[in-house]
Amino acid sequence: MATCKACHEEIRDDATVCKHCGHKEKVDANSVGIYIGVILSVISLATIAFSTAVKLFESKNADIVGQVLSFENDKLDLSLSNRGKSSAVI
């Protein structure tokens with residue numbers, strides 16, 4: 001049992017209001033800190049999980065684009081570029 005800080009009567013340990021005088025007991029600062037820590041941890045883990053999931057499901061294909069620059073006397077000038085998110089072998 002705890003003691004009310006206002007009327008000094010005995011109250012339950014988990015009481016937030018004294019049943020004798022109505023005085024509001026303060027919430028333990030350690031409990032508030034623990035709740036804030038848990039909430040921030042959950043938000044951080046959710047952010048990491050979301051960014052990992054996006055990377056896993058993101059398209060990683062090669063996107064090869066070719067352009068004929070010139071074709072003269074059996075000589076072909078060709079330009080190739082990869083605009084994709086994965087390397088390509090030509």
Per-pair distances, 0.1 Å, donor-acceptor, side chain in residues 35-48, under 3.5 Å, sequence neighbours excluded:
| unit_1 | atom_1 | unit_2 | atom_2 | d |
| --- | --- | --- | --- | --- |
| S41 | OG | G37 | O | 2.8 |
| S44 | OG | L40 | O | 2.9 |
| T47 | OG1 | I43 | O | 2.9 |

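Under a hydrophobic-cluster definition in which Ile, Leu, Val, Met, Phe, Trp and Tyr are linked whenever side-chain heavy atoms come within less than 4.5 Å, directly or via other members, L78 and F71 are assigned to the same cluster.
Atom NZ of K19 sits about 9.5 Å away from atom CD of E10, to the nearest 0.5 Å. Annotation: the span from I11 atom CD1 to M1 atom CE amounts to 8.0 Å, rounded to 0.5 Å. Taking SG from C18 and NE2 from H8, the interatomic distance works out to 10.5 Å, rounded to the nearest 0.5 Å. Going from atom SG of C4 over to atom CD of E9 covers 8.0 Å, rounded to the nearest 0.5 Å.
Proximity of L76 to V68: side-chain heavy atoms (C-beta onward) are separated by under 4.5 Å at one or more points. Considering only heavy atoms from C-beta on, V17 stays 4.5 Å or farther from H23 through its side chain. The side-chain heavy atoms of S86 and N61, taken from C-beta on, include no pair separated by under 4.5 Å.
At distances below 3.5 Å, not a single donor-acceptor pair connects side-chain atoms of D77 with backbone N or O atoms of S70. Of the possible polar contacts, one joining the N82 side chain to the G84 backbone as a donor-acceptor pair under 3.5 Å is found.
Between C21 and C7 the shortest heavy-atom distance is SG-SG, 3.8 Å. Looking at every heavy atom in both residues, A2 comes nearest to R12 through CB-O, 4.2 Å.
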